[in-house]
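Just the heavy atoms: all of them, side chains too, but no hydrogens, waters or symmetry mates, feed the values below. Since the structure is predicted, the reported quantities are computational estimates derived from the model, not experimental observations.
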Amino acid sequence: MIDPRLLRSDPDLVRAGLISRGVSSSTIDELIALEAQGRTLDGERDDVRAQVNALSKQIGELHRDGRGDEAGELQAQSRSLGDAEKAIDERATTIGDALRRRLLELPNLPSPDAPDGSGEDANVVVRIEGFDEGRYGEHHRVPHWESAVELGILDLERAAKISGAMFVLYRGRGARLQRALVQFGLDRNADAFEEVRPPTMVRTDTLMSTGQLPKFADDAYHLERDDLWAIPTAEVPLTSLYRDEVLAETDLPVRLMAHTSCFRREAGSAGRDTRGLLRLHEFDKVEILAYATPDQAHDMHAELLRRAEGAIADLGLPYRILDLCTGDLGISSARTFDIEVYAPGADRWLEVSSVSWFSDYQARRANIRFRPTGGKGTELVHTLNGSGLAVPRVWAALVETYRRADGSIEIPEVLHPYMGGTTVIPGPV
RNA sequence: GGAGAGGUGGCCGAGUCAGGUUGAAGGCGCUUCCCUGCUAAGGAAGUAACUGCCGUAAGGUGGUUCGAGGGUUCAAAUCCCUCCCUCUCCGCCA
């Protein structure tokens, strides 16, 4: 959530930021009007309440002095004030709710550093690493949904039988490879990040805090009977880990990582990327996440990007880094770098990590603050996160990139310690 | 799933089954100061968050918050309803 006070203290800033993200000018006008209206009503209501409180206090004193029978007139007065308060309060609540509802659906203000633009085409390619079109032979141009299925390490048909389209079943060395990637993703960040294994089913409030609700309810799995949601990413429970808490400045930055399954309905993308591992309803991911002071946020963003990028680079996969334009940012993000890996079989760049800085947008929703050392009061933290390793797309890119002419698949060296002696997945017999 | 007991400030813990100067006794912790050769002990004061308005500021002045949300009342930590969480016992279970 953006700071509602900004609406009145710096409406131009809010307007510029939101318009660059595709929010209409009239929506912003309405918000500013609602905010002003609500504030006036709140003031009126508080004044009446103050009078009621003062009268009640007087009545209390009369009772205390044993003169309760003299309180009748004051009570009548207070009662009529109370009726007036009720009327104002109703209007104030209506407007307050309307404002809150809209604020919750409003995206974050983009960082001034984020490139301006509205669609994917406006994203800036920061750099491309390790990509050489000419290095690929015929044997690389086989998509994983063919090669891996042929090798028996991926069983898409049975996954569909069991759970439906866009679910996956890894087998044998394929399953081992998926587990190896998870371990690799965790171990390489264990120097600084605390490993967490959070719940993967969460309450509505938890999903609200990170921004998936209320706007994107259709994208998440919901267990109606128990009113629980399946997490789309470990960002969700990790961000709520310190919800409604006040940290000491000396605690910051807090670095957390978690491996979880991630569940996505992909309601808006029916029919797209349905082949193989490109887009799944359930997949494994190692998430890295940090809480930071506003001063630490910039460096932390760079650190998360460096770590996410390092994993891909160490696996020997070609990748590129995109600086997302304002119009392509996720709702909660102020700035995002995407890492896309090149998959030669599918011949596509696959997004494998979104490294985002959320400024205080999520922290305001989740009410996560810190107490500045030596300072007064509390301040909202900044939250940041990125995929340390999103398994299926990396798995796919590895299988395609490391495919040899005989159809076997070489395992990159950094994964050898996790593969129980397997350095090559043998080709078809 | 059944039965019972609870959720109060940074922490512990009164207050609730007589509704009224109770934003909340007392203690611990913390901060500042005093005392002491140092430390310990002792003494004094201060010590919640969010938020509206006024003020350059220090601050002043309203409002809200005693698990959450509703209700009763002139007035709710205290009474009523719903929900959440914790603990104990029983049942079930990896």
### Query
Is the closest basic N to carboxylate O distance between A/R279 and A/E266 below 4.0 Å?
yes
#### Entry: Rounded C1' spacing from B/A49 to B/G23 in Å
11 Å
### Query
For B/G52, does OP1 or OP2 lie under 4.0 Å from any side-chain N or O of A/R8?
yes
### Query
Taking the same atom, C1', in B/A44 and in B/C50, what whole-Å distance lies between them?
32 Å
### B/G7 and B/U16, which share atom name P, separated by this distance in whole Å
12 Å
### Query
Quantified in whole Å, what is the P atom distance between nucleotide B/C87 and nucleotide B/C66?
24 Å
### Message
So, OP1 or OP2 of B/G63: does either fall under 4.0 Å of a side-chain N or O from A/N53?
### Response
yes
### Query
What nucleotide, of B/A75, B/G62, B/U21, holds the atom closest to the side chain of A/K57?
B/U21
### Query
Watson-Crick or G-U wobble partner for B/G15, using a 3.5 Å limit on both distances?
B/U8
### Gap in Å between the two P atoms, one belonging to B/A48 and one to B/A24, rounded
10 Å
#### Entry: Proximity to the side chain of A/R39 - top-ranked nucleotide from B/C50, B/C53, B/G20
B/C53
### Query
When the nearest nucleotide of RNA chain B is assigned to A/L74 and to A/E61 on a heavy-atom basis, which residue is associated with the more 5' position?
A/E61
### Message
Please pick, from B/G52, B/U21, B/A49, the nucleotide with the shortest atom-to-atom distance to any side-chain atom of A/R369.
### Response
B/A49
### Query
When the distance from CG of A/D46 to C1' of B/U64 is rounded to whole Å, what number comes out?
8 Å
### Phosphate-side-chain proximity, A/T378 and B/C50, N/O vs OP1/OP2 below 4.0 Å
yes
### Task
Rounded to whole angstrom, note down the P distance from B/G60 over to B/U73.
37 Å
### Message
Taking only side-chain N and O atoms of A/R45, does any of them lie within less than 4.0 angstrom of OP1 or OP2 on B/G62?
### Response
no
### Task
Measure the distance from NZ on A/K86 to C1' on B/G70 and round it to the nearest whole Å.
12 Å
### Message
Whole angstroms only, please: what is the CE-C1' distance between A/M1 and B/C50?
### Response
12 Å
### Summary
To the nearest angstrom, the CZ-C1' distance between A/R371 and B/U31 comes to 13 Å
### Complement of B/A76, any strand, by Watson-Crick or G-U distances under 3.5 angstrom
none
#### Entry: d(CG, A/D42; P, B/C53) in whole Å
10 Å
### Length of the line joining A/L247:CG and B/G10:P, which is rounded to integer Å
14 Å
### Message
Using a strict threshold of under 4.0 Å (side-chain N to carboxylate O), is an ion pair present between A/D314 and A/R188?
### Response
yes
### Query
Which nucleotide in the list B/U64, B/C84, B/G20 gets nearest to the side chain of A/R203?
B/C84
### Task
Provide the distance between the two P atoms, one in B/G27 and one in B/A45, to the nearest whole Å.
12 Å
### Query
Rounded to whole angstroms, how far apart are CG on A/L81 and P on B/A75?
11 Å
### Task
Could you let me know what B/A40 is paired to, Watson-Crick or G-U wobble, both distances under 3.5 Å, or none if it's on its own?
none
### Query
Any idea which of B/U21, B/C74, B/G63 is nearest the A/A50 side chain?
B/G63
### Task
Determine, for A/E90 against A/K86, whether the closest basic-nitrogen to carboxylate-oxygen distance falls under 4.0 angstrom.
no
### Query
In whole angstroms, how far is the P atom of B/A76 from the CD1 atom of A/I59?
11 Å
### Message
I'd like the P distance from B/C28 over to B/G13, given in whole Å.
### Response
15 Å
### Query
Are A/R335 and A/D323 ion-paired here, with the side-chain N under 4.0 Å from a carboxylate O?
yes
### Query
Is A/E35 salt-bridged to A/R39, cutoff N-O under 4.0 Å?
yes
### Message
If the threshold is 4.0 Å, N to carboxylate O, is there a salt bridge linking A/D205 and A/R365?
### Response
no
### Query
Should A/E85 and A/R49 count as an ion pair when the cut-off is N to O under 4.0 Å?
yes
